[in-house]
Amino acid sequence: GSVQQRMDSFFTVV
Amino acid sequence: MFEARLTQGSLLKKVMEAIRELLNEASFDCSENGIQLQAMDNSHVSLVSLNMGSEGFDKFRCDRNLTMGMNLASLSKILKCASNSDAITLKAQDDPDTVTFTFESENNERVSDYSMKLINLDQEHLGIPDTEYSCVVKMPSADFARICKDLSQFGDCITISCTKEGIKFSVAGDIGTGNVKLAQTANVDKESEAVTVEMQEPVSLTFACRYLNHFTKATPLSEQVQLSLSADVPLVVEYKIGEFGHIRYYLAPKIDE
């Protein structure tokens, strides 16, 4: 995946 | 009522410089604990997390939690009107539509105030998971800025490799390659000049120069920068804000497909 996708999967929406 | 006074107003000016190229607008969350900001950058790739604890302010009052959405270009214009030696006070009512900035010179002979319209931002809040990092490196922030600047001349990505001996920054591009190695320092007179590595296991990860260079805009905030690295999770680049806060930037590594 892209850097963007990996950022999204690391952080969770609160 | 919200009121926060910072004698060392230059810190706020430096914080602004550290975020204004990454973010067009941002929400400042104020509570009795202090001021926080968390936002993805304009291109939704890196994350900025800012924390300024209430204990660092000369005066801090926050009766009700509030969120102040600000256009950072406008905020930057206002903070440019403050001298480095000015004390800065932020004030807002509960449920505000404006925020007021007061700048006082050291001798109190010059007092200026500016008010700015707040904006409504529908920003999502992200949870940052607690993470154990394979390597945590502390090094002089000016050195990190120089390395990122020097190496980005040669390519778009910098590989950061860390072992217990030290840290290595590498770049490869059309004209050739570049490497900068920093050994862990044994004895230094000044703590600010030290390079220290806490390593669980060695890592080697590649990151976009463009963002690393943006992060180094925070260099004037702190003489040391801390890099936390683990395979497959975002790098954390952290600068302390005085003794009471920090700015952290997160950036996921590039992975060869």
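A note on names: the letters A, B, ... follow the listed sequences, proteins ahead of strands, and every chain is numbered from 1.
Residues B/Thr131 and A/Phe10 have side chains in contact (heavy-atom distance under 4.5 Å, counting atoms from C-beta outward). A/Thr12 is not listed as a side-chain neighbour of B/Leu126, based on a closest heavy-atom distance of 4.5 Å or more. Side-chain atoms of B/Ile255 and A/Arg6, non-hydrogen and from C-beta on, do get closer than 4.5 Å to each other.
Residue B/Asp232 qualifies as open at atom CG: its count of foreign heavy atoms under 6.0 Å is 12 or below. Open room surrounds CD on B/Gln93; 12 or fewer heavy atoms of other groups in view lie less than 6.0 Å from it. No more than 12 heavy atoms of other residues, nucleotides or ligands shown are found within 6.0 angstrom of CG on B/Asp156. In B/Lys138, the NZ atom is not crowded: 12 or fewer heavy atoms of neighbouring residues, nucleotides or ligands sit closer than 6.0 Å. Residue B/Glu55 places its CD atom among more than 12 non-hydrogen atoms of other residues, nucleotides or ligands, all under 6.0 Å distant.
A distance of 4.5 Å separates CE of B/Met40 from CE of A/Met7, quoted to the nearest 0.5 Å.
Between B/Tyr250 and A/Phe11, the ring planes are perpendicular. Angles over 60° get that label, and only those under 30° would be called parallel.
In terms of heavy-atom pairs under 4.5 angstrom with chain A, the leader among B/Ser43, B/Ser46, B/Ala252 is B/Ala252.
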